[in-house]
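These numbers come from a predicted model, not from an experiment. In this chain, residues are counted from 1 in sequence order.
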Amino acid sequence: MTQASDAAEPEHLTQPLTWLEQVKLHMRAHNSAPLTSQQHERLQIARANGVEPWAAFDQIVGADNVQF
């Protein structure tokens, strides 16, 4: 069996995501509408207060912001 090398991974896949990138990834997964300026401000406050990205998405953006 051949082991895959970590070097085979593209660099952008091996770098950790920023806090806001994680929130935006959750938004894409839930097909959320773009952030309003108020939501963006609230996310910045949540990040400063140590709220995890998923919890911040759930509390601030949530399922009510889904577009079809």
Side-chain angles (χ1 to χ4, degrees):
M1 183 164 105
T2 304
Q3 284 187 324
S5 168
D6 287 342
E9 292 290 332
E11 188 175 329
H12 70 277
L13 293 177
T14 59
Q15 295 180 356
L17 296 174
T18 67
W19 190 93
L20 192 54
E21 287 171 335
Q22 291 178 55
V23 172
K24 289 182 178 183
L25 188 63
H26 295 312
M27 290 176 64
R28 282 196 356 226
H30 289 274
N31 198 29
S32 296
L35 291 173
T36 65
S37 58
Q38 183 181 19
Q39 287 171 322
H40 188 70
E41 184 177 329
R42 291 178 66 202
L43 284 171
Q44 297 302 327
I45 294 168
R47 183 182 69 186
N49 287 320
V51 177
E52 293 294 319
W54 177 255
F57 166 81
D58 201 33
Q59 294 169 10
I60 296 167
V61 180
D64 294 339
N65 198 37
V66 174
Q67 61 183 8
F68 294 98

Closest contact, heavy atoms only, Pro53 versus Gln22: CG-OE1, 3.4 Å
Where Val51 and Ala56 come nearest, the two heavy atoms and their spacing: CG1-N, 3.6 Å
In Å and rounded to the nearest 0.5 Å, what is the CG to CZ distance from Leu20 to Phe57? 12.5 Å
Do Arg42 and Gln39 have side-chain N/O donor and acceptor atoms under 3.5 Å apart? no
Separation between NZ (Lys24) and OG (Ser32), nearest 0.5 Å, reads 12.5 Å
Kindly assign one of parallel, tilted or perpendicular to the pair Trp54 and His30, based on the angle between their ring planes and the thresholds 30° and 60°. tilted
Taking atom CD of Glu52 as the centre, does the number of heavy atoms from other residues, nucleotides or ligands within less than 6.0 Å exceed 12? no
Would you say the side chain of Gln38 lies within less than 4.5 Å of the side chain of Glu41, judging by non-hydrogen atoms? no
Could you tell me the separation between the CD1 atom of Ile60 and the CE atom of Met27, rounded to the nearest 0.5 Å? 11.0 Å
Partners of Glu21 by side-chain hydrogen bond (donor to acceptor under 3.5 Å, both in side chains), sequence neighbours excluded? Thr18
